[in-house]
Amino acid sequence: MAKKGILLINLGSPRSTAVEDVKEYLDEFLMDEKVIDYRWIFRALLVQGIILKTRPAKSAEAYKTVWTDEGSPLIVITEKIRKKLQKRIDVPVEIGMRYAEPSIETGIRNLVEKGITEIVLFPLYPQYAMSTTETVIEKAEEIRKKKFPGVRINYVQPFYNRDLYTDCLAESIREKLPEDFDALLFSYHGVPERHIYKTDSTKTCNMNDCCYKDTNPSHSFCYRHQCFNTTDRVIRKLELSKDKVIVSFQSRLGKDKWIEPYTDHTLETIPQKGIKNLAIVCPAFVSDCLETLEEISVEGKEQFLEAGGEKFTYIPCLNDEDRWIEVIRVLCEEQLNQFYLI
Ligand SMILES: C=CC1=C(C)c2cc3[nH]c(cc4nc(cc5[nH]c(cc1n2)c(C)c5CCC(=O)O)C(CCC(=O)O)=C4C)c(C)c3C=C
Ligand SMILES: [Fe+2]
Ligand SMILES: [Fe+2]
């Protein structure tokens with residue numbers, strides 16, 4: 001019988017906080033055509049001609065503020081998840097990163113060296129995006145075809161609409177919500193609006209109420225819909241009224257229009273509307289990372305307090321919480337079982 005294994009995929013981080021390492025990481029990341037989706041020449045002009053001239057030094061400083069003795073929080077947490085999952089499941093579990101090391105290729109190789117020929121590959125992103133789920137699957141397929149043609153891969157699909165996940169997220173939030181909060185802000189990583197239009201197979205998205213409707217067939221590829229829908233499901237479980245909930249999108253890069261509203265703008269304006277005691281959660285990320293620990297917990301907090309806010313509670317990602325490990329186990333088991341059906 002074929003041997004099976006699991007590969008958990010996260011985004012990846014630079015190998016260190018040295019400016020050169022951050023530059024190498026950003027080069028690989030931003031030259032991915034699923035991330036900066038311009039024609040190669042224009043992408044190279046923007047990334048290598050403009051962004052990589054100044055951003056690595058700035059990002060390296062930011063990484064220094066979150067880096068731990070064991071390394072980047074994102075990788076350290078992904079490894080903690082791996083170890084905990086390994087204790088609950090009887091097939092080998094490895095990790096791989098879309099950018100930098102350990103790469104997806106390293107992860108597949110580590111499994112293949114254990115004699116594994118059937119892999120469940122789990123992109124650790126609750127919502128589908130061209131710049132996350134799609135690029136992971138495309139890269140893994142490229143590597144499989146070129147280097148491991150005898151290996152079969154089953155992919156865990158985005159799980160934003162699975163009750164086991166939204167129950168887990170709601171419970172995690174419930175435990176950390178302060179009693180007297182004025183609003184709960186769901187801050188998701190942003191993407192350029194163009195990415196939403198590109199992945200809309202029906203070409204009907206108007207970046208408006210269509211993304212709220214449940215009936216649109218293109219929603220399996222609509223990041224904006226999946227973020228709103230995650231929020232709706234979680235607040236229903238928390239029994240929170242909609243007027244205590246805000247959704248916004250963080251981490252935009254460059255001059256293109258990204259999906260709105262922007263988190264930084266939201267944090268600067270809501271204190272004037274009477275929201276002084278804010279709780280904030282970042283459900284596009286399953287593990288804390290630069291974008292949550294620095295951009296939200298430090299910078300975002302400063303923006304909110306300077307604008308007149310009084311209390312800011314950052315609710316950490318699911319990280320290696322036991323109930324989340326259980327969700328991962330169930331989603332992986334489902335795909336392991338699919339191998340028997342094919
Ligand atoms: C959670 C989903 C993510 C989406 C969607 C996403 C899209 C996206 N990101 C950039 C540019 C950058 N993102 C950076 C960091 C970063 N992004 C995600 C996740 C998503 N990105 C994570 C988990 C992280 C943190 C990595 C870590 O090491 O902790 C960065 C690098 C840091 C910086 O310089 O600010 C950039 C750049 C684009 C352009 C994009 C969609 C088009
Ligand atoms: Fe990002
Ligand atoms: Fe839409």
Side-chain angles (χ1 to χ4, degrees), residues 9-17 19 21-23 25-38 43 46-47 51-52 54-63 65-68 71-78 97-100 123-136 158 160 187-200 202-213 215-219 221-229 249-254 256 258-259 282-296 299 317:
I9 304 292
N10 211 333
L11 185 108
S13 297
R15 81 176 81 228
S16 83
T17 60
V19 175
D21 287 339
V22 175
K23 187 173 179 184
Y25 162 77
L26 289 177
D27 193 11
E28 186 189 354
F29 185 1
L30 300 176
M31 283 306 288
D32 179 349
E33 65 180 331
K34 301 274 171 187
V35 175
I36 307 266
D37 57 326
Y38 297 166
R43 183 162 66 251
L46 174 67
V47 174
I51 299 176
L52 293 185
T54 53
R55 190 159 184 116
K58 204 173 140 244
S59 292
E61 285 310 307
Y63 270 111
T65 67
V66 302
W67 213 255
T68 72
S72 137
L74 177 127
I75 294 179
V76 172
I77 293 164
T78 312
M97 299 290 145
R98 174 59 184 87
Y99 310 105
L124 290 167
Y125 304 109
Q127 300 84 17
Y128 159 89
M130 183 169 97
S131 50
T132 55
T133 322
E134 190 173 314
T135 182
V136 165
Y160 71 100
S187 174
Y188 294 87
H189 199 300
V191 294
E193 282 191 351
R194 191 181 55 255
H195 286 206
I196 306 281
Y197 293 128
K198 248 188 184 166
T199 55
D200 171 18
T202 60
K203 301 294 168 213
T204 53
C205 184
N206 57 13
M207 212 50 68
N208 207 320
D209 56 346
C210 60
C211 301
Y212 293 99
K213 287 182 194 145
T215 48
N216 191 328
S218 75
H219 278 162
F221 299 102
C222 181
Y223 178 75
R224 188 167 181 262
H225 164 76
Q226 298 189 7
C227 294
F228 292 143
N229 196 260
F249 298 92
Q250 64 182 81
S251 317
R252 75 185 179 280
L253 177 79
D256 290 331
W258 282 41
I259 52 179
C282 301
F285 307 90
V286 300
S287 50
D288 276 304
C289 61
L290 183 70
E291 312 297 81
T292 61
L293 299 171
E294 200 269 340
E295 186 178 337
I296 297 299
E299 295 242 329
C317 298

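Counting starts at 1 for both ligands and their atoms, in listed order.
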Measure the distance from [atom] to every protein heavy atom, then report the residue, atom name and distance (to 0.1 Å) of the closest one.
{"atom": "atom 14 (C) of ligand 1", "result": "Phe29 CE2, 3.4 Å"}
{"atom": "atom 20 (C) of ligand 1", "result": "His189 CD2, 3.1 Å"}
{"atom": "atom 16 (C) of ligand 1", "result": "Glu291 CG, 3.4 Å"}
{"atom": "atom 35 (O) of ligand 1", "result": "Arg55 NH2, 2.6 Å"}

Could you grab the distance from atom [atom1] of [X] to atom [atom2] of [Y], nearest 0.5 Å is fine?
{"X": "Ile36", "Y": "Asp256", "atom1": "CD1", "atom2": "CG", "result": "8.0 Å"}
{"X": "Cys289", "Y": "Ile75", "atom1": "SG", "atom2": "CD1", "result": "11.0 Å"}
{"X": "Ser16", "Y": "Tyr63", "atom1": "OG", "atom2": "OH", "result": "11.0 Å"}
{"X": "Ile196", "Y": "Met207", "atom1": "CD1", "atom2": "CE", "result": "5.5 Å"}
{"X": "Ile77", "Y": "Leu74", "atom1": "CD1", "atom2": "CG", "result": "7.0 Å"}
{"X": "Thr132", "Y": "Leu11", "atom1": "OG1", "atom2": "CG", "result": "8.5 Å"}

Indicate yes or no: at least one non-hydrogen side-chain atom of [X] is less than 4.5 angstrom from one of [Y].
{"X": "Ile51", "Y": "Leu26", "result": "no"}
{"X": "Tyr188", "Y": "Cys282", "result": "no"}
{"X": "His189", "Y": "Tyr125", "result": "no"}

- ligand 1 versus Lys58, non-hydrogen atoms closer than 4.0 Å: side chain, backbone, both, neither?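 Neither; nothing of Lys58 gets under 4.0 Å from ligand 1.
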Counting only heavy atoms, tell me which of [options] gets closest to [atom].
{"atom": "atom 32 (C) of ligand 1", "options": "Leu290, Thr135, Ile36", "answer": "Leu290"}
{"atom": "atom 5 (C) of ligand 1", "options": "Asp32, Leu253, Thr132", "answer": "Thr132"}
{"atom": "atom 39 (C) of ligand 1", "options": "Asn10, Asp37, Leu293, Val35", "answer": "Val35"}

- Query: With respect to Tyr128, which candidate in Gln226, Glu134, His219 satisfies the side chain to side chain donor-acceptor pair (under 3.5 Å) definition?
  - Reply: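 The passing option is Glu134.
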Find all atoms of ligand 1 within a distance of less than 4.0 Å from any non-hydrogen atom belonging to [X], and give their numbers and elements.
{"X": "Ser131", "result": "5 (C), 7 (C), 41 (C)"}
{"X": "Cys289", "result": "23 (C), 25 (C), 29 (O)"}
{"X": "Ser13", "result": "27 (C), 28 (O), 29 (O)"}
{"X": "Ser59", "result": "33 (C), 34 (O)"}
{"X": "Val191", "result": "5 (C)"}
{"X": "Leu26", "result": "31 (C), 34 (O), 37 (C)"}
{"X": "Ala284", "result": "1 (C)"}
{"X": "Trp258", "result": "38 (C), 39 (C), 40 (C), 41 (C)"}

- Answer yes or no: does an N/O atom from Tyr63 fall short of 3.5 Å to an N/O atom of ligand 1? yes
- Task: Give yes if a backbone or side-chain nitrogen or oxygen of Ser72 is under 3.5 Å from a nitrogen or oxygen of ligand 1, and no if not.
- Result: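 It does not: no N or O of Ser72 is found under 3.5 Å from an N or O of ligand 1.
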May I ask whether [X] places a heavy atom under 4.0 Å from ligand 1?
{"X": "His195", "result": "yes"}
{"X": "Tyr99", "result": "no"}
{"X": "Ser251", "result": "no"}
{"X": "Gly12", "result": "yes"}

Under 3.5 Å, is there a donor-acceptor pair between the side chain of [X] and the main chain of [Y]?
{"X": "Thr135", "Y": "Ser131", "value": "no"}
{"X": "Glu295", "Y": "Ser251", "value": "yes"}
{"X": "Lys203", "Y": "Tyr197", "value": "yes"}

Restricting to N/O/S atoms, is [X] within less than 2.8 Å of the Fe ion (ligand 3) or not?
{"X": "Cys205", "value": "yes"}
{"X": "Cys211", "value": "yes"}
{"X": "His225", "value": "no"}

- Message: On a heavy-atom basis, which atom in Thr204 and which in Asp200 lie closest, and how many Å separate them?
- Response: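 In this case the closest contact between Thr204 and Asp200 is N-OD2, 2.8 Å.
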- Whether Phe249 and Tyr223 hold their rings parallel, tilted or perpendicular, with breakpoints at 30° and 60°: tilted
